[in-house]
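For reference, the structure discussed in these notes is given below.
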Amino acid sequence: MNYATIKNCDIANGPGVRVSLFVSGCTHRCPGCFNEVAWDFNYGEPFTQETVDTILNMLAPAHIKGLTLLGGEPFEPQNQPALVDMLHQIKGKYPQKSVWAFSGYLFDKDILPGHLGDPAITQEFLSYLDVLVDGRFVEEKKDLTLRFRGSSNQRIIDVPASLAAGEVILWQDWQGNGRGMKG
Ligand code: SF4
C-alpha cells in the first residue's frame, strides 16, 4: 500500500484533534472528488513499519483523540491488510483512542458481505473501527454545512453498535456521550 499524506492535527474528520492517514488508491472515481490524485494506487509513499511507528508516535499525546483513515479508499482489498496490521498495533498500544474510517463502499451492501478481498481481514478491520462514514461523494448532494460528511447521502455509522444489532445504527455521540440511533 502507498499513502498520500499524514496529518497530525486534523479537526475536520472526526471528533477532537486527530491523526489522519490518507491512503492511495480508489476505484470509485466520484465526480467532484476532493482528492483525485489519490485514485492512483502508486501515488505517494510506500507505507512501511516506519510509517506505522510515526503514526504511533503522533497518537501518543493525551490531546490526540484518535486516528482517522481516509483516501483514496481504505477498504480497497489491496489496502486492507496493511491497515489491519497497523490498527492491531494501535489498539494494542492505545485502546482508548477512537478509530474512524471514510469509505465510498456501503457498510451493509459492500463491506459486510465480505466481497472486498479476504472476509477475515475485513472482519478484523471492522473490529477496530468505532465509526465508519460510508457512501460515495455525490456532487448533487454536496452540503458544506454537514459535519464530517461531504454529501448528504453519506452515513456516520456506529460500527460496534451496528455489528451487535445486525443493522445500521447511526453514530450520534456528538457530545462525547450516549450512542446509537437506528438508520
Ligand atoms: S471515494 Fe473518496 S477518494 Fe474515492 S473517488 Fe470518491 S470522493 Fe474520491
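In listed order, ligands and their atoms are each counted from 1. Excluded from the calculations below are hydrogen atoms, water molecules and symmetry mates; all remaining heavy atoms, backbone and side chain alike, are included. Starting from 1, each residue takes its place in the sequence as its number.
- Interface atoms of ligand 1 facing R29, defined by a heavy-atom separation under 4.0 Å, are 5 (S).
- Heavy atoms of W39 approach ligand 1 to within less than 4.0 angstrom.
- Contacts of C26 with ligand 1, taken as heavy-atom pairs under 4.0 Å, involve the side chain alone.
- The backbone N or O of S151 sits less than 3.5 Å from a side-chain atom of Q154, completing a donor-acceptor pair.
- Taking a cut-off of under 4.0 Å to the non-hydrogen atoms of F137, the atoms of ligand 1 that pass are 7 (S).
- Nearest protein neighbour of atom 2 (Fe) of ligand 1, counting heavy atoms only, is F34 CE2, 4.1 Å.
- Checking side-chain atoms of S20 against main-chain N and O of D10 turns up no donor-acceptor pair under 3.5 Å.
- In this structure, atom 8 (Fe) of ligand 1 lies nearest to the protein heavy atom C33 SG, 2.3 Å.
- At a heavy-atom distance under 4.0 Å, no atom of E73 approaches ligand 1.
- Each of the following atoms of ligand 1 lies closer than 4.0 Å to a heavy atom of G72: 3 (S).
- Rounding to the nearest 0.5 angstrom, the gap separating the CZ atom in R149 from the CG atom in L144 is 12.5 Å.
- For the pair Y94 and L56, the minimum side-chain heavy-atom distance is below 4.5 Å.
- F75 and F125 have parallel rings, their planes meeting at less than 30° on a 0 to 90° scale where 60° marks the start of perpendicular.
- Taking every heavy atom of H28 and a limit of under 4.0 angstrom, the matching atoms of ligand 1 come to 1 (S).
- Among all non-hydrogen protein atoms, the one lying nearest atom 6 (Fe) of ligand 1 is C30 SG, 2.3 Å.
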Q. Given E73 and T27, is the side-chain hydrogen bond (donor to acceptor under 3.5 Å, both in side chains) satisfied, shown in steps?
A. CA-CA 8 Å; E73 172 56 77; T27 57; over 6 Å; no

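- Not one N or O on the side chain of D40 forms a donor-acceptor pair closer than 3.5 Å with the backbone of S24.
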